[in-house]
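The structure under discussion appears below in the form of structure tokens.
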Protein chains: 2
Amino acid sequence: MPRAGLTAERLTLAGAELADEVGFDQVTVSALARRFDVKVASLYSHLKNSQDLRTRIALLALEELADRAADALAGRAGKDALAAFAGVYRDYAREHPGRYAAMRMPLDPGTAAASAGVRHARMSRAILRGYDLAEPDQTHAVRLLGSVFHGYVSLELAGSFDHSAPDPRETWPRIIDALDATLRNWPAS
Amino acid sequence: MPRAGLTAERLTLAGAELADEVGFDQVTVSALARRFDVKVASLYSHLKNSQDLRTRIALLALEELADRAADALAGRAGKDALAAFAGVYRDYAREHPGRYAAMRMPLDPGTAAASAGVRHARMSRAILRGYDLAEPDQTHAVRLLGSVFHGYVSLELAGSFDHSAPDPRETWPRIIDALDATLRNWPAS
DNA sequence: GCAGCTGCCTAATACCTTTAGGCAAGCCGC
DNA sequence: GCGGCTTGCCTAAAGGTATTAGGCAGCTGC
């Protein structure tokens, strides 16, 4: 009987694929074992437990999305950067709904601090350099960006926009326009 | 042996309380049975299955929030209405995180159409009457409002704002200000 | 006060999670 | 090449959740 060659990395990647196919909360140690044609208990040499698997998928997704965003942001500034960042975010969620859902999983503080989440935060701030915002408004604006992107993407993914015209494809650029206008003209305290 | 007096309504309410206490995805038929000191199988006379329970909790939350929002909106218009609506949304999520999470559960189209979700949509549109937006911009704006509220509230609930100053309490009103400004000055197509 | 309905129970199946302990595959030195 | 050791994957087992089938008894209506 040859060995299956499991590693935490391969399991995480397969778990991410599984998440995209069947939904993040259907990602189960058992399903993963089936996918590798291996007994369930075997995975516990590589994963601490089910929660560990989910956390690894979340961290993978954060890294992947941060990489894509960094690529998209290179050489752009202002509204151009804003639109590129937003586009990456949305596209990733549409291509990888399971991974996207994984990203929203609460991480414990230590894990979060060591994750690519901090790159995301830095990139948001980098985008805002194209606008003229001093602290604390910059932080408020970072949170606004995060809220809009995450909120829109998750409502769209949940199908909340499906049953009313117009097509969400039209709404997205208009929201970018609105955000850009808001940032250029941030209301004074 | 006296009967426990279970009904779908009591189960739903208890399920909602359970969700607020331990999180929506920890709401389980078994836990609910324990709470009523009753055997698990007994609940299946009142609930079709676990999914049915979750759906009922979601519908309850949608109703409750719609009621609160309607109260808050009465007699208000413009930014006043916007801030009141936003406040209700956020407060509800903080008071009832489990119910709030339940609301984000995907509903099948028929159920969604019969739910209080339509009241939410109507109220969003009502708020926008205080601003001068024609279709399709009004729909874009409805989606923006939904995205910001949902996005902010769920990021805050997930603790995403916990580890950076300033306090989210300061950010929220500034985001309302920014939204108000955006709506008053919606960028032309 | 009893007949019938129906609410709650027991029993059983199936799946997921997790731990403990065993066997052998494959790499390491010789 | 070969013997030993590590360790990857296995069997076994216990415990939790979901769900269905079928039974008995408590309540309601007459």
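Below, chain A is the first sequence line, B the second, and so on; all start at residue 1.
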If you compare every side-chain N and O of A:Ser42 against the phosphate oxygens of D:dG8 (OP1, OP2), does one of them come in below 4.0 Å? no

B:His46 vs C:dC8: side-chain N/O to OP1/OP2 distance below 4.0 Å: yes

In whole angstrom, give the distance that lies between atom [atom1] of [X] and atom [atom2] of [N].
X: B:Leu43; N: D:dT19; atom1: CG; atom2: C1'; result: 12 Å
X: B:Tyr44; N: C:dT13; atom1: OH; atom2: P; result: 17 Å
X: A:Phe36; N: D:dC10; atom1: CZ; atom2: C1'; result: 17 Å
X: B:Gln51; N: D:dT19; atom1: CD; atom2: C1'; result: 14 Å
X: B:Asn49; N: C:dC15; atom1: CG; atom2: P; result: 17 Å
X: A:Gln26; N: C:dC15; atom1: CD; atom2: P; result: 15 Å
X: A:Lys48; N: C:dT17; atom1: NZ; atom2: C1'; result: 14 Å
X: A:Leu6; N: D:dC9; atom1: CG; atom2: P; result: 4 Å

Salt bridge present between B:Arg125 and B:Glu135 (N-O < 4.0 angstrom): yes

Any salt bridge linking B:Glu156 with B:Arg94? Criterion: basic side-chain nitrogen under 4.0 Å from a carboxylate oxygen. yes

Given C:dT19, C:dC9, D:dA18, the nucleotide with the shortest approach to the side chain of B:Lys39: C:dC9

A:Ser45 side chain, from C-beta outward: closest of D:dC10, D:dC9, D:dT19: D:dC9

Decide whether a cation-pi geometry holds between B:Arg68 and B:Tyr92; the criteria are a distance under 6.0 Å from NZ or CZ to the six-membered ring centre and an angle within 45° of the ring axis. no

Where along nucleotides 12-17 of chain D does protein come under 4.0 Å, by heavy atom, of base (B) or sugar-phosphate alone (S), with - for untouched nucleotides? B----S

For B:Asp67 and B:Arg119, what are the C-alpha separation, side-chain angles and deciding distance, and is it a salt bridge (Lys or Arg N to Asp or Glu O under 4.0 Å)? CA-CA 9 Å; B:Asp67 288 347; B:Arg119 284 169 68 201; 2.8 Å; yes

Test log, rule salt bridge (Lys or Arg N to Asp or Glu O under 4.0 Å), inputs B:Arg174 and B:Asp177: CA-CA 5 Å; B:Arg174 305 309 317 283; B:Asp177 290 345; 3.5 Å; yes

Name the orientation class of the two ring planes belonging to B:Tyr89 and B:His120 (parallel below 30°, tilted from 30 to 60°, perpendicular beyond 60°). perpendicular

Walk me through whether A:Thr12 and A:Leu59 qualify under side-chain contact (heavy atoms from CB on, under 4.5 Å). CA-CA 10 Å; A:Thr12 304; A:Leu59 294 176; over 6 Å; no

Is the distance between the ring centroids of B:Tyr100 and B:His96 under 6.0 Å? no

With the threshold set at under 4.0 Å for non-hydrogen atoms, list the residues of residues 10-24 of chain A touching DNA chain D in residue-number order. none

Taking it one step at a time, do A:Lys79 and A:Arg184 satisfy side-chain contact (heavy atoms from CB on, under 4.5 Å)? CA-CA 9 Å; A:Lys79 184 178 177 183; A:Arg184 274 189 287 101; 6.0 Å; no

On DNA chain C, more 5' by nearest nucleotide between B:Val38 and A:Ser50 is B:Val38

